Amino acid sequence: MTQSSMAQFASQAYRGTAVAVPPLRAVIMLLNGAVTCLQKSVQAQEVRRFEEGHAHLTRATAILRGLSLHLDSTRGGPVADQLFGTYNALIVAALRAYGRPHMRENFQRITESLLELRQAWEAVDVAARGKRATADSANRR
């Protein structure tokens, strides 16, 4: 898969999810998808299905690339810039770890980082829904 087609795949994945669910929920779902792909990549690699493992790795990195490309640094400021760096560091770490002797341990650390990010986005989602519920009840009065 070429770099351009991978970026297009990532963009389509993000847009397709973003249309069906609220944006915060989409980010959470995409992070879950990246974690699942990394886990499947390790499993495939361990049973010597290298093409399948590489395909899962490509999907995981495409998801992260899509998330990083859809950040708005104008609105998000330093947080968006930090997330961009984080997503790209995770992509590089996954690509460097693939096929190496300690791949499982490295992917486990990457997965833990993604799960921490997911938990942070879930907290933001809960807080945002709480604010909307409070605002809605205040507007009804």
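All of these numbers come straight from a predicted model, not from anything done at the bench.
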Arg49 atom CZ: more than 12 heavy-atom contacts under 6.0 Å: yes
Between CG on residue Leu64 and CG on residue Leu30, distance to nearest 0.5 Å: 9.0 Å
Heavy-atom closest pair, residues Ala97 and Phe107: CB-CE1, 3.7 Å
Atom pair CH2/CZ of Trp121 and Arg25 - distance to nearest 0.5 Å: 13.0 Å
Salt bridge present between Arg118 and Glu122 (N-O < 4.0 angstrom): yes
Verdict with supporting geometry, Leu31 and Val35, side-chain contact (heavy atoms from CB on, under 4.5 Å): CA-CA 6 Å; Leu31 289 171; Val35 167; 5.7 Å; no
Arg59 and Ser41, any side-chain heavy atoms less than 4.5 Å apart: no
Check: Val124 and Val27 side chains under 4.5 Å, non-hydrogen atoms: no
Leu114 side chain near Leu38 side chain, heavy-atom distance below 4.5 Å: yes
CG-SG distance between Asn32 and Cys37, expressed to the nearest 0.5 angstrom: 11.0 Å
Ile110 CD1 to Met103 CE distance, which is reported to the nearest 0.5 Å: 9.0 Å
Separation between CD of Gln119 and CD1 of Ile28, rounded to the nearest 0.5 Å: 10.5 Å
Residue pair Gln108 / Glu112, side-chain donor-acceptor N/O under 3.5 Å: yes
Steps toward side-chain contact (heavy atoms from CB on, under 4.5 Å) verdict (His56, Gln43): CA-CA 10 Å; His56 288 300; Gln43 292 167 353; over 6 Å; no
Geometric class of the Tyr98/His54 ring pair [parallel <30°, tilted 30-60°, perpendicular >60°]: perpendicular
Side chains of residues 80-89: which donor-acceptor partners sit under 3.5 Å, not counting sequence neighbours?
from  : atom 1 : to    : atom 2 : distance (Å)
Thr86 : OG1    : Gln82 : O      : 2.9
Asn88 : OD1    : Arg65 : NH1    : 2.5
Asn88 : ND2    : Phe84 : O      : 2.9

Path from Val126 to Met29 over hydrophobic side-chain contacts below 4.5 Å: no
Gap separating the CD1 atom of Ile63 from the CG atom of Leu90, nearest 0.5 angstrom: 13.0 Å
